[in-house]
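Keep in mind that this is a model prediction, so the values were computed, not measured.
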Amino acid sequence: VNGPMRMPLYGLGTWQYNNTVAEQAVVDAFKLGYRHVDTATVYGNQVGVGKALAQVGLPREEYFVTTKIMGGFNATGTKENLDNCLKEL
């Protein structure tokens with residue numbers, strides 16, 4: 001990570017959470033001091049994670065979000081998948 005911010009050593013994983021559960025879990029985790037959340041396109045919960053991030057109202061530079069996309073895409077497919085992640089989150 002470039003700059004003065006350090007990536008948190010722990011974060012909330014959202015595997016096996018649907019959008020509703022992911023949304024509430026992220027809100028609750030951020031209330032407890034978490035500042036890192038992990039998701040993936042195959043989890044199907046990025047919309048819920050994105051809603052939670054909007055709810056907590058922290059400035060973007062105060063938290064980390066990691067996500068993953070499936071492999072096997074060419075450059076165009078990779079960009080499309082990443083753009084969709086950004087839209088959902």
Side-chain angles (χ1 to χ4, degrees):
V1 176
N2 291 330
M5 187 169 185
R6 295 173 51 107
M7 187 170 182
L9 295 177
Y10 60 90
L12 176 71
T14 62
W15 182 57
Q16 295 187 335
Y17 292 172
N18 63 30
N19 279 311
T20 303
V21 173
E23 181 178 351
Q24 189 61 56
V26 172
V27 168
D28 292 344
F30 274 54
K31 286 179 184 175
L32 293 172
Y34 281 70
R35 293 298 181 263
H36 178 207
V37 61
D38 176 72
T39 187
T41 56
V42 296
Y43 298 176
N45 61 21
Q46 291 186 140
V47 170
V49 170
K51 286 181 180 180
L53 295 172
Q55 280 182 52
V56 297
L58 291 172
R60 178 59 189 91
E61 56 275 354
E62 290 190 18
Y63 59 88
F64 280 82
V65 178
T66 53
T67 191
K68 298 157 293 288
I69 62 170
M70 295 292 292
F73 293 109
N74 62 18
T76 301
T78 299
K79 183 180 180 326
E80 288 171 358
N81 274 270
L82 290 174
D83 287 345
N84 188 57
C85 288
L86 290 172
K87 177 182 166 191
E88 290 182 343
L89 292 167

(message) Using a strict threshold of under 4.0 Å (side-chain N to carboxylate O), is an ion pair present between Lys87 and Asp83?
(response) no
Atom pair [atom1]/[atom2] of [X] and [Y] - distance to nearest 0.5 Å:
X	Y	atom1	atom2	value
Phe30	Leu58	CZ	CG	6.5 Å
Asn84	Thr41	CG	OG1	8.5 Å
Leu82	Ile69	CG	CD1	4.5 Å
Asn74	Glu80	CG	CD	8.0 Å
Trp15	Asp38	CH2	CG	12.0 Å

(message) Is it the case that the ring center of Tyr34 lies less than 6.0 angstrom away from the ring center of Tyr10?
(response) yes
(message) Are more than 12 heavy atoms, taken from residues, nucleotides or ligands other than Lys68, located less than 6.0 Å from that residue's NZ atom?
(response) yes
(request) Verify, without hydrogens or angle tests, whether Asn19 (side chain) and Gly48 (backbone) share a donor-acceptor contact under 3.5 angstrom. (result) yes
(message) If you compare all heavy atoms of Pro8 against all heavy atoms of His36, which two are closest, and at what distance to 0.1 Å?
(response) CG-CB, 3.9 Å
(message) Checking side-chain hydrogen bond (donor to acceptor under 3.5 Å, both in side chains) between Asn45 and each of Thr39, Thr20, Asn18, which is the one that passes?
(response) Thr39
(request) Only counting residues at least two apart or in another chain, list the ones meeting side-chain hydrogen bond (donor to acceptor under 3.5 Å, both in side chains) with Glu23. (result) Gln55
